[in-house]
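A short worksheet on the structure shown next.
By convention in this document, chain letters (A, B, ...) are assigned in the order of the sequence lines, proteins followed by strands, and residues within each chain are numbered from 1. Just so it is clear, the model here is predicted, and its values are computed rather than measured.
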There are 2 protein chains.
Amino acid sequence: MDDVTGAIADPVRREILLMLRDEALSAGQIADRFAISRPAVSRHLRVLREAGLVRDTADGRRRVYTLVTTPLDELAGWLGQLMRPAGWQHHLDALETEVYRTRRERHTAAENKESA
Amino acid sequence: MDDVTGAIADPVRREILLMLRDEALSAGQIADRFAISRPAVSRHLRVLREAGLVRDTADGRRRVYTLVTTPLDELAGWLGQLMRPAGWQHHLDALETEVYRTRRERHTAAENKESA
DNA sequence: CAAACGTGTAACTCATCGGTTACGCTTCAC
DNA sequence: GTGAAGCGTAACCGATGAGTTACACGTTTG
């Protein structure tokens, strides 16, 4: 949990996650979309990887990253735990999870759509 | 958003939020539950306050803190944005079930008398 | 009023973080 | 084989964060 919240805490890393939401991207492609240096992005990717939020697959000399949302379940559960007593119904639209106890393996987002 | 994710990133602060979920607590009461010094807790409270996650009301020489979940909406929305493409339907389904089933759980944390 | 209580703030230390440049390793192209 | 492409790591640095002790300030209480 600490890994996830820590990873989420940085705007660059949040942006990376959003980028990976729609398509898998290589390290270089990701780095190109930021003003900071490539090594800096590389380390952000490392943080995300260690938090389990992304998975990297070697593809020749490239390294393709894909999103892994599973670790977010715990965070979502924590959020739900906090918001429940208040306007629960209201948040339902935005929130979306109470999982917290279910699914844990499911999707794995292994779409090999790298048509870059 | 950065404020919230930053605030959430610390385990002590997350714990504080959970503590405030069920009842309002004074700074001292909160500090007593942690091994760290009181000033340290005080600064955690400041971070939470600046993130809008807690509200403090003066009560004599005490300062009572209450939870404010509103800022979490944005985070919840962001989370949803990330998890939607994956098992969104699934999550939503589980959520609704959960909501109807628990239905505010009996005890209700009725201490929410101090309105905004 | 004076003493004790409850809290926040200031000043300081130490560890961690995010960024940069330099470098090394593996893979593709010729 | 040689050189370039693509990435990650190492070393270094300034900024930030969390913890501590010392202190100031308002509030109760005797």
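- Of all the residues in residues 29-40 of chain B, B:Ile36, B:Ser37, B:Pro39, B:Ala40 reach under 4.0 Å from DNA chain D with at least one non-hydrogen atom.
- Applying the salt bridge (Lys or Arg N to Asp or Glu O under 4.0 Å) rule to B:Arg62 yields the partners B:Asp59; only residues at least two apart in sequence or on another chain are considered.
- A 4.5 Å side-chain heavy-atom check between B:Thr69 and A:Leu79 finds every atom pair outside the cut-off.
- When the side chains of ILVMFWY residues are joined at heavy-atom separations under 4.5 Å, either directly or via intervening members, B:Val41 and B:Val47 end up in two distinct hydrophobic clusters.
- Applying the side-chain hydrogen bond (donor to acceptor under 3.5 Å, both in side chains) test to B:Arg49 and every residue at least two apart in sequence or in another chain returns B:Tyr65.
- In this structure, the side chains of A:Leu20 and A:Ile30 come closer than 4.5 Å at one or more pairs of heavy atoms.
- Applying a 4.0 Å cut-off to non-hydrogen atoms, the residues of residues 1-11 of chain B that approach DNA chain D are B:Asp10, listed by residue number.
- Grouping the Ile, Leu, Val, Met, Phe, Trp and Tyr side chains by contacts below 4.5 angstrom, directly or via other members, places A:Leu25 with A:Ile36.
- A chain of hydrophobic side-chain contacts below 4.5 Å, direct or via other Ile, Leu, Val, Met, Phe, Trp or Tyr residues, connects A:Phe34 to A:Leu17.
- In this structure, A:Tyr65 does not reach the D:dG6 phosphate: none of its side-chain N or O atoms is under 4.0 Å from OP1 or OP2.
- Taking atom CG of residue A:Asp56 and atom P of nucleotide D:dG8, one finds them 7 Å apart after rounding to whole Å.
- Judged as a salt bridge (Lys or Arg N to Asp or Glu O under 4.0 Å), and not counting sequence neighbours, the contacts of B:Arg33 are B:Glu23.
- Close to D:dG19, at under 4.0 Å from its OP1 or OP2, lies a side-chain N or O of B:His44.
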* To do: Take B:Leu82 and A:Leu18 through the side-chain contact (heavy atoms from CB on, under 4.5 Å) test and state the conclusion after the steps.
  => CA-CA 7 Å; B:Leu82 263 187; A:Leu18 283 182; 4.0 Å; yes
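- Residues forming a side-chain hydrogen bond (donor to acceptor under 3.5 Å, both in side chains) with B:Ser42 (at least two apart in sequence, or on another chain): none.
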* To do: Could you run through nucleotides 24-30 of chain D and give me one letter per nucleotide, 5' to 3': B if any protein heavy atom sits under 4.0 Å from the base, S if only the sugar-phosphate is that close, - if neither?
  => --BBB--
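- Bracketed by its first and final contacts, the part of DNA chain C lying under 4.0 Å from non-hydrogen atoms of chain A reaches from C:dG18 to C:dC28 in 5' to 3' order.
- In this structure, B:Thr66 contributes its side chain and B:Ala24 its backbone to no donor-acceptor pair below 3.5 Å.
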Contacts table for residues 9-16 of chain B: side-chain donor-acceptor under 3.5 angstrom, sequence neighbours left out:
| from | atom 1 | to | atom 2 | distance (Å) |
| --- | --- | --- | --- | --- |
| B:Asp10 | OD1 | B:Val12 | N | 2.8 |
| B:Asp10 | OD1 | B:Arg13 | N | 3.3 |
| B:Arg13 | NE | B:Ala7 | O | 2.9 |
| B:Arg13 | NH1 | B:His44 | ND1 | 3.1 |
| B:Arg13 | NH2 | B:Gly6 | O | 3.2 |
| B:Arg14 | NH1 | A:Asp2 | OD1 | 3.3 |
| B:Arg14 | NH1 | A:Thr5 | OG1 | 3.0 |
| B:Arg14 | NH1 | B:Ile8 | O | 2.8 |
| B:Arg14 | NH2 | A:Asp2 | OD1 | 2.7 |

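- Mapping A:Arg13 and B:Arg46 onto DNA chain C via the closest heavy atom, the residue that lands nearer the 5' end is B:Arg46.
- Listed by chain and number, the residues in a side-chain hydrogen bond (donor to acceptor under 3.5 Å, both in side chains) with B:Asp32 amount to none (sequence neighbours excluded).
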